S.K.: 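Just dropping this structure here.
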Amino acid sequence: MIVAEGKPIAEVAKLIEDANKVLVVGCGGCVTVCLAGGEKEVGILASALRMLRKKEDKPLETVEITISRQCDPEYMEQLEKYITDDIDAVVSMACGVGVQFVAERFNKWVVPALDTKFAGGALEHGVWGERCGLCGECILYKTGGICPIIRCSKSILNGPCGGSQDGKCEIDTEVDCAWQLIYDRMKTLGKLDKLLEIEPIKDWSKSRDGGPRKVVKEDVMIK
Amino acid sequence: MKSGSKLEKLFNQGEFVVSGEIGPPKHANADIIREHARMLKEYVDAVNLTDNQTAIVRISSIASAVHVLAEELEPIVQMTVRDRNRIGIQSDLLGAYSVGVKNVLCLSGDHQSFGNHPTSKNVHDLDSIQLVKALKDMRDEKKFICGDEIKEHEPRFFIGAVANPFGDPFEYRVMRLEKKINAGADFIQTQCIFDMDRFERWMEQVRERGLHKKAKIMAGLMPLKSHKAAKYMQKFVSGMIVPDEIIERMENAEDKKAEGVELCVEQIKHLQQIEGVAGVHIMAVNWENIIPTIVEKAGLYPRPQIKE
Ligand code: SF4
Ligand code: SF4
């Protein structure tokens, strides 16, 4: 899933300082799961913003709504009736995708309440880790299911670099060296010989370096 | 002859090669590079020019090499994959060759978080092994990375790579060296050796795989100025092992600098006895002017000439 984290409340407050009434929109997708922008967080953010503004003697009116997914036009209909003339700004608590979908759909000033971090998953309760760099051409079958592109700090495809020590990455003793993990796994699986093959230079045009990407699945297209 | 560099010729003559290292300055005046080059040229066969080491902005390694060449010393240009994509790298390689550089050392580069621009983006379009392969393909296949032919004047570098016998996983280190050599590395410089036992165990594996016959292995050394430097490296530099004995030895010495020189000379003499070690690479960071003393004391002066 997409993992995101709330911006500091003061920062969000600054983004809407000129507004008298805002719509705070949550998302029922990934950001609900990673406890950043679901219904509960919408309630918390809205009341915190109101309190802040009350202290400043500039009261803020908030309307709260959480829709199933902000990254899908289908669900955007649910928002329509809340986007009234008196709404000065929309605070989206979705990932960067949701924020953009809302902004594309409605003629309103839309601001993000979250910082979108990465594609990852829960490591333990309250901790999420990055797992995929969305490179567009998955090579996990070569590395025992551990991604060197995003989990190695230098995206080394023929690792490890000289900085790997005691299983940790040179950048931080808290960060696992992806190539130590890959080595251990390949060893356990009896596939160490695979690591002797030189992994060729990657085609990054399949990644974001090729410009904004689109996936088209013709068989399910309606027209 | 692959490149015809002085380094390659000396290796082919069977000499025990000595290289040094110059770290370019953090400003735009190259006098210090020239000064160090003049001081070193009688004492080392070639000198590394570091490429923004520890990710701190300095005069570029290629521009530094121009100054070194002007002082008639053989440069080894370091090239990391941290700051340039394949377009920048190949363009710089063409440029380096055009000014007379014949040796390139391929590295990953320290992560930018260590340097003075920790908020920068890193590139890593290629990794160091892929860079070695790219250099070899330019030289031997006359091809750019994209496959286009280099119609004339292909750059013919003597290709260097680094190896770290002290990084983990230890058992994989020699396999990775083999990968680098298969990719096209002609010579290898190792990380600084303090743990001689581990280095010897590593060399044993190198010989088992016959790698010392496929590439020239230069053992990396760093003369110690004080026990504090040793302690710092033990604690904070990842991928480096500094045994306690060395720190104690330095701590107990009355004249720390003299002890550091003594230790380095002993290491060189020891390394000369190890089968498969073809030379030493002395990295005297901020202490370049000690290299002549070390080379002389190790009995490696005068340096050999190229036999025509
Ligand atoms: S190889 Fe690419 S697609 Fe696969 S996990 Fe890594 S970044 Fe994601
Ligand atoms: S230490 Fe490991 S994870 Fe870190 S940059 Fe080097 S190979 Fe990658």
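None of the values given here were measured: they were computed from a predicted structure.
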S.K.: Side chain from CB out, backbone as N, CA, C, O: work out which of these in B:Phe166 comes under 4.5 Å of a heavy atom of chain A, or both, or neither.
M.R.: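 Only the backbone of B:Phe166 comes within 4.5 Å of chain A.
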S.K.: Look at the side chain of B:Lys179 and the backbone N and O of A:Glu197, then say whether any donor-acceptor pair between them is shorter than 3.5 Å.
M.R.: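 Flag set: sc B:Lys179 to bb A:Glu197 pair under 3.5 Å.
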S.K.: Is the side chain of B:Gln191 donor-acceptor paired with the backbone N or O of A:Gly162 at a distance under 3.5 Å, no angle test?
M.R.: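 A pair under 3.5 Å: no.
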S.K.: For the CZ atom of B:Arg176 and the CD1 atom of A:Ile156, what is their distance to the nearest 0.5 Å?
M.R.: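 If I round to the nearest 0.5 Å, the distance is 6.0 Å.
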S.K.: When only heavy atoms count and the cut-off is under 4.5 Å, which of residues 112-142 of chain A reach chain B?
M.R.: none
S.K.: Determine yes or no for a side-chain-to-main-chain donor-acceptor pair under 3.5 angstrom, with A:Glu170 supplying the side chain and B:His111 the backbone.
M.R.: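 Yes.
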S.K.: Atom CZ in B:Arg86, atom NZ in A:Lys202: separation rounded to 0.5 Å?
M.R.: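 Atom-to-atom, B:Arg86:CZ and A:Lys202:NZ are 10.5 Å apart.
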S.K.: Treating B:Tyr172 as the side-chain partner and A:Leu195 as the backbone partner, does any N or O pair qualify as donor plus acceptor under 3.5 Å?
M.R.: yes
S.K.: Which bit of B:Val237 is near chain A, if near means a heavy-atom gap under 4.5 Å: side chain, backbone, both or neither?
M.R.: backbone
S.K.: For B:Asp168, which atoms come within 4.5 Å of any heavy atom of chain A: side chain, backbone, both, or neither?
M.R.: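 Answer is both: backbone and side chain atoms of B:Asp168 are under 4.5 Å from chain A.
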S.K.: Hey, is the main chain of B:Met240 close enough, under 3.5 Å, to the side chain of A:Gln165 for a donor-acceptor pair?
M.R.: yes
S.K.: More than 12 non-hydrogen atoms from neighbouring residues, nucleotides or ligands closer than 6.0 Å to CH2 on A:Trp204, yes or no?
M.R.: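 Counting other residues, nucleotides and ligands, CH2 of A:Trp204 exceeds 12 neighbours.
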S.K.: In terms of heavy-atom pairs under 4.5 Å with chain B, which of A:Asn158, A:Asp166, A:Asp172 leads?
M.R.: A:Asn158
S.K.: Determine whether a donor-acceptor pair (N or O, by modelled atom type, separation under 3.5 Å) exists between the side chain of A:Lys154 and the backbone of B:Gly109.
M.R.: yes
S.K.: Among A:Gly159, A:Pro200, A:Ser155, which residue forms the greatest number of heavy-atom pairs with chain B at distances under 4.5 Å?
M.R.: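 Option with the greatest count: A:Gly159.
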